[in-house]
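First the structure, in the form of structure tokens, and then the observations on it.
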Amino acid sequence: MLSTARAVTSPAACAAQHQQHGGSRFVVFLAGDDGRGAAGSSSVRAPRPRSVAARAAGSSNHAVCLEAAAPWSMDCVAAPATVSYEESVRQVVLKQAALAASTTPRKARHAGRDAGVLDAAFDRCGAVCKEYAKTFYLATQLMTPERRRAIWAIYVWCRRTDELVDGPNAAHTSALALDRWESRLDGVFAGRPYDMVQGMRMDLAKSRYATFDELYLYCYRVAGTVGLMTVPVMGVSPGSQADVETVYAGALALGVANQLTNILRDVGEDARRGRIYLPQDELAMAGISEADIFAGRVTDEWRSFMKGQIARARAYFKQAEQGAAELNQESRWPVWASLLLYRQILDEIEANGYDNFSKRAYVPKAKKLAALPKAYLRSLMPPPSSQRRR
């Protein structure tokens with residue numbers, strides 16, 4: 001459902017694993033899934049890739065640490081003019097999928113003296129999630145306890161990073177402050193979680209996006225990475241015959257879809273901050289000026305433009321379904337619930353007559369609850385790939 005793989009690791013035990021390797025490797029905390037959180041083929045592009053069901057064996061009901069060389073440097077996403085950012089990101093996903101396929105999970109060791117502090121930290125993360133992300137928090141209630149706590153920790157780290165540039169003290173945040181924040185994370189994990197923090201750097205220096213390709217890079221950095229980070233937490237169905245790329249691509253698509261939905265919901269709020277997270281070339285083609293946005297004009301041109309933007313977000317949600325369907329049985333219900341619940345925000349934008357300047361698209365609690373049985377039924381369906389002939 002959800003940044004970079006390093007930030008998955010919250011437990012002190014995983015940090016200890018990092019120290020044992022002298023900082024040359026990173027470790028990822030995985031909730032208990034028989035040690036099958038993320039693995040598969042050692043080569044995503046092999047003629048007959050092994051399925052994600054072909055994972056390293058592990059004992060059930062244990063947390064594990066996933067150790068691997070750091071794959072996340074996104075200096076490569078400084079895409080040349082002939083390659084789109086979307087294609088560059090796709091190459092990163094391929095690398096991450098291949099890495100996950102070749103990594104052996106290891107059981108985490110929780111020091112007794114740290115258990116109380118760790119439990120309190122997870123509880124605090126849950127409280128923050130409940131207060132600030134009610135729809136997201138509702139979906140986490142459908143997860144197993146270990147997965148739920150790991151996802152809360154991911155959410156809070158991402159939120160804290162976002163608050164550096166969008167919070168009440170954002171005016172005092174400099175690039176140096178983000179450097180210090182990133183360095184603190186480097187002290188816990190091996191490698192540099194470049195992408196997520198880099199997305200926040202974009203908020204400091206960039207308030208316009210010339211094309212959707214530029215906007216896609218932003219969405220990847222601030223939200224697509226969240227989706228990728230949660231794959232090891234959620235795990236993949238033992239019966240899945242899909243290659244790892246399908247699962248990671250679906251997770252990336254869900255993160256991008258969620259961020260596009262946030263952008264469309266918050267157009268008015270962002271405009272009041274002097275920001276426009278919409279493709280400038282598409283606005284121009286629709287005959288919409290910045291003055292129109294800052295004035296909050298809901299014209300026929302705006303409605304037509306918004307229909308196209310909503311259709312694009314829904315297309316990413318549709319792609320995300322492919323990955324969600326291949327997840328572990330225990331994870332499919334909460335992920336499907338998150339997908340369906342968040343997609344409803346787009347329905348509410350339409351119901352508001354595409355006025356996302358003065359009206360906030362809010363999904364009533366009754367509608368949220370009504371979506372849960374549908375999500376549950378979808379979660380009961382076996383992975384589509386399990387029906388393929390071997």
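Excluded from the calculations below are hydrogen atoms, water molecules and symmetry mates; all remaining heavy atoms, backbone and side chain alike, are included.
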* Atom CG in D123, atom SG in C125: separation rounded to 0.5 Å? -> 9.0 Å

* Judged by modelled atom types alone, do T144 and E146 share a side-chain donor-acceptor pair under 3.5 Å? -> no

* Quick one: is the NZ or CZ of R312 closer than 6.0 Å to the six-membered ring centre of F212, and within 45° of its axis? -> yes

* Asked: Going from CD1 on I345 to CG on D266, what distance comes out if it is rounded to the nearest 0.5 angstrom?
  -> 8.5 Å

* **Shortest non-hydrogen contact from Y216 toward V256** => CE1-CG2, 4.0 Å

* So, do N328 and V236 sit near enough that their side-chain heavy atoms are less than 4.5 Å apart? -> no

* Ion pair check, D270 and R265, cut-off under 4.0 Å -> no

* Asked: Around K368, counting heavy atoms of other residues, nucleotides and ligands shown, do more than 12 lie under 6.0 Å from its NZ?
  -> yes

* For R273 and E269, what are the C-alpha separation, side-chain angles and deciding distance, and is it a salt bridge (charged side-chain N to carboxylate O under 4.0 Å, His left out)? -> CA-CA 7 Å; R273 295 179 177 178; E269 179 181 333; 3.6 Å; yes

* Asked: Measuring from L346:CG to T261:OG1, what's the distance to the nearest 0.5 Å?
  -> 4.0 Å

* Structure fact -> salt bridge (charged side-chain N to carboxylate O under 4.0 Å, His left out) with E350: of R343, K359, R303, R314, only one passes, and it is R314

* Between S331 and R147, does any side-chain donor sit less than 3.5 Å from a side-chain acceptor? -> yes

* Are any non-hydrogen side-chain atoms of L380 and Q329 less than 4.5 angstrom apart? -> yes

* Just checking, any donor-acceptor pair under 3.5 angstrom between side chains of E214 and Q280? -> no

* **ring pair (Phe, Tyr, Trp, His ring centres under 6.0 Å) between W302 and F357, intermediate numbers included** => CA-CA 11 Å; W302 177 254; F357 296 109; 4.8 Å; yes

* Going by atom types only, do S385 and E326 share a side-chain donor-acceptor pair under 3.5 Å? -> yes

* Asked: Can you tell me how far CG of L339 sits from CG of N258, rounded to the nearest 0.5 angstrom?
  -> 7.5 Å

* Asked: Are the side chains of R208 and Y277 in touch, meaning some heavy atoms are under 4.5 Å apart?
  -> no

* To do: Working to the nearest 0.5 Å, report the span between OG1 of T299 and CD1 of I288.
  => 5.5 Å

* Asked: Going from CG on L252 to CD on Q319, what distance comes out if it is rounded to the nearest 0.5 angstrom?
  -> 7.5 Å

* Asked: Are Y342 and N262 close enough that a side-chain donor and a side-chain acceptor fall under 3.5 Å?
  -> yes

* Asked: Is it the case that K307 places NZ or CZ above or below the six-membered ring of F305, under 6.0 angstrom from the centre and within 45 degrees of the axis?
  -> no

